[in-house]
Amino acid sequence: VSGLLERLQAVLGPEHVLVDPDLRASYETDWTRRWTATASAVVRPADTSEVADVVRTCAAAGQPMVIRGGGTGLVNGSVPAAGEVVVSLERLRTLDAVDEVSAQITVGAGVTLAALQAQVRPLGLDFGVDFAARDSCTLGGMVATNAGGERVLRWGVTRTQVAGIEAVLADGTVISRLAGLPKDNTGYDLPGLLAGSEGTLAVITRLRLRLVPRLPARVVALLALESVAAAVDVVRRLRSLASLEAAELFLADGLTLVRRHTGSPAPFVATYPVFLLAECAARTDPSEELLELLEGAAEVADAVIASDAPGRSALWRYREAHTESINAEGVPVKLDVAVPLPRLAEAVDRLPGVVAAVAPGARTVLFGHVNEGNLHVNVLGAPDAAAEHAVEVAVLELVAGLDGSISAEHGVGRAKREFLRLSRGPAEIAAMQAIKSALDPNGMLNPGVLLP
Ligand SMILES: Cc1cc2nc3c(=O)[nH]c(=O)nc-3n(C[C@H](O)[C@H](O)[C@H](O)COP(=O)(O)OP(=O)(O)OC[C@H]3O[C@@H](n4cnc5c(N)ncnc54)[C@H](O)[C@@H]3O)c2cc1C
C-alpha cells in the first residue's frame, strides 16, 4: 500500500491523500451511523482528469475503491468494507452557467443539491428532484442511486433529469456525453445505465442535467384522514390537478415523534391516525382548484392550508423531520419499499404485525411517498443484530409477496444485497453480473455493493 500512497500523493498532492485516522474517520461511516470500517486512504481528486489518474493508479495496483459523494446514502454504498481507497468527489464542485435556452446545466459530481437549487432558482428554473438531505447529498450520488424524493409524481426520478454524463471507467478511461441532446438514439444509453448503478460501473464526474420551471405560486395542504385507503383515494382524485407536485404520507406515531424532536405544535386540535401532505404549484395561484377538490372529498376529516413560504415550510417540517427525528431516538433498521398502489393500505396494515412477530417491543414508524406506493419502514428498538436481520427478512418478504420492490429509491448497496433475489429473478441478476464483468472485470469499483 505504501508505494501506492506515494503514487497517489504524487498525483493529487499530499494534502488530498488522507491517511491520518482522525482525518479519515468521517469518510469511514455515513449518515446512518450503522456501518463503519477502515479505509487504506481517502483521496480527494479535483477534476475528471485527476479522478482518471486515481482510478488508473489504483487499478494498476489491484487496489479496490469505494466511491463517495455526500455520504447521505442509506444502504451502505459509500462506506469502505475492507481497506478500500475512498475516492471522494467533494472537490468536483464546478457549476457552469445555466443554459437557459435548453433549460439545462452542466455540474461537477460533487455539487450539492442545495447549491444547484441556489444557482438555478433565481432564473425561474429548478431541479425536478428534491428531498431533505439537500444540503449534503451530491448530484453524483443522487444519479448513482437514482434518487426519488418528494416531487417524483410531477417530474420523475433522478434518471429522468439526466441529459448527459461524463464518467471514469474502472480502467481509468473517460467517457463523456455532455451535449444534452433530447433526441439521440445512437445505441446503448450509457447515462441511463449509470443512473442507479451505485458506483459499481464507473465514477461519475460531471453531469448535464435537465431543469424544470420553478413554479412561483404554491399551496400546501396537510389533511387529516381516518385511513390509508382514504389517503390513496384522495391522491387518486388530486392527480386530476395538473398542479399537483407532491403527496406525502405519515401516521400519528410519526407525528408524535417529530413533535417531540422539533417542538412543533400540534397541527390539529383532535388526533387522527393518518396524514396526507399535498403540494400544488403553478404559474398562478393553485389554491382555488385545490380547495374546490378538497371540498368534495368527504374522507378529509380536517385540513390546514398554507400558501405563504413560512407556513408551507412549517407544514413540510412535519413530514421532512421524520428521518432526523427517528434517528434522534436511536439507530433504526431502515427499509425503503414500494408496493403497487392498490395494495398500499394493506401493506401499512400488515407491516407492524410482521415486525412485532419477530421483534416484540420494537417500534415501527412508517411514512412515504403515496403516489409511488413507496413506504419508508423504520424499526426502532430491535434488541440485537439477529432481531434486526429478522425484521429485514420479515418486511422484505411481505413486500415481495405483495409484488413490491425491496428498494424503491435508496438502492441496494451492501445493506440490501442479500435481498436482491426477492425483487429480481436469476436471469436478470445474471444479466447485471455480465454488465458488471464487462465494465469492471477485476471488481475495482465498490466491491460488494449491489451484486454479490
Ligand atoms: C435526511 C435524508 C433524506 C433522504 N431522502 C431521500 C428521498 O426522499 N429519496 C431518495 O431517493 N433518497 C433519499 N435519501 C437517500 C439518498 O440516497 C441520498 O441522500 C443521495 O441520493 C445520495 O447522495 P450522496 O452524495 O450523499 O451519495 P453517497 O451516500 O456518498 O453515495 C451513495 C451511493 O452512490 C455512489 N456514488 C456517490 N457518488 C458517486 C459518483 N460520483 N459516481 C459514482 N458513484 C457514486 C456511492 O458509492 C454509493 O454507492 C435521503 C437521505 C437522508 C440522509
Side-chain angles (χ1 to χ4, degrees), residues 26-27 29-35 45 48 51 55 64-81 84 86-93 107-116 129-152 157-159 165-170 191 194-207 246 248 319-328 334 336 338 367-369 372 374-376 378 407-417 440 445-451:
S26 66
Y27 300 87
T29 185
D30 66 4
W31 190 90
T32 67
R33 295 169 291 151
R34 262 190 105 184
W35 301 285
T48 304
V51 174
V55 171
M65 290 154 270
V66 165
I67 318 307
R68 173 109 176 172
T72 66
L74 301 172
V75 292
N76 191 9
S78 70
V79 180
E84 293 92 343
V86 174
V87 182
S88 166
L89 281 299
E90 70 198 290
R91 290 175 67 219
L92 276 70
R93 282 213 200 115
V107 302
V111 170
T112 63
L113 174 56
L116 174 66
V129 175
D130 191 20
F131 49 80
R134 58 183 74 82
D135 290 321
S136 313
C137 69
T138 64
L139 272 314
M142 289 175 67
V143 172
T145 57
N146 187 27
E150 294 149 0
R151 317 275 163 181
V152 169
V157 293
T158 301
R159 181 182 284 118
I165 252 178
E166 179 179 273
V168 175
L169 301 180
L194 294 187
S197 66
E198 300 189 42
T200 61
L201 301 179
V203 186
I204 298 164
T205 52
R206 284 209 292 165
L207 291 157
E248 300 283 308
R319 160 63 184 85
E320 283 203 326
H322 266 69
T323 313
E324 69 195 57
S325 306
I326 291 164
N327 266 45
K334 292 184 90 64
D336 159 45
F367 61 96
H369 314 287
E372 295 80 48
N374 180 187
L375 284 175
H376 296 309
N378 286 262
S407 183
E409 52 178 21
H410 293 165
V412 175
R414 291 194 201 89
K416 306 287 147 52
R417 193 184 59 197
D440 182 14
L445 299 178
N446 277 8
V449 170
L450 181 55
L451 293 164

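Just the heavy atoms: all of them, side chains too, but no hydrogens, waters or symmetry mates, feed the values below. Each ligand, and each atom within it, is numbered from 1 in the order the structure gives.
Under a 4.0 Å N-O distance rule, the pair Arg134/Glu320 qualifies as a salt bridge.
The nearest pair of heavy atoms linking Asp30 to Trp35 is OD2-CE3, 3.7 Å. Across Phe131 and Gly148, no two heavy atoms sit closer than the pair CD2-O, 4.1 Å.
Ring centroid separation for the pair His369 and His376 comes in under the 6.0 Å cut-off.
At a heavy-atom cutoff of 4.0 Å, ligand 1 is surrounded by Trp31, Ile67, Arg68, Gly69, Gly70, Gly71, Thr72, Gly73, Leu74, Gly77, Ser78, Leu89, Ala109, Phe131, Ala133, Cys137, Thr138, Gly140, Gly141, Met142, Ala144, Thr145, Ala147, Gly148, Gly149, Glu198, Gly199, Ala202, Val203, Ile204, Thr323, His369, Glu409, His410, Asn446.
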Enumerate, atom names and distances included, each donor-acceptor pair closer than 3.5 Å involving a side-chain atom of residues 72-79, sequence neighbours excluded.
from: Asn76; atom 1: OD1; to: Arg414; atom 2: NH1; distance (Å): 3.1
from: Ser78; atom 1: OG; to: Arg68; atom 2: NH1; distance (Å): 3.4

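Proximity of a side-chain donor or acceptor of Ser197 to a complementary backbone N or O of Thr200 within less than 3.5 Å is not detected.
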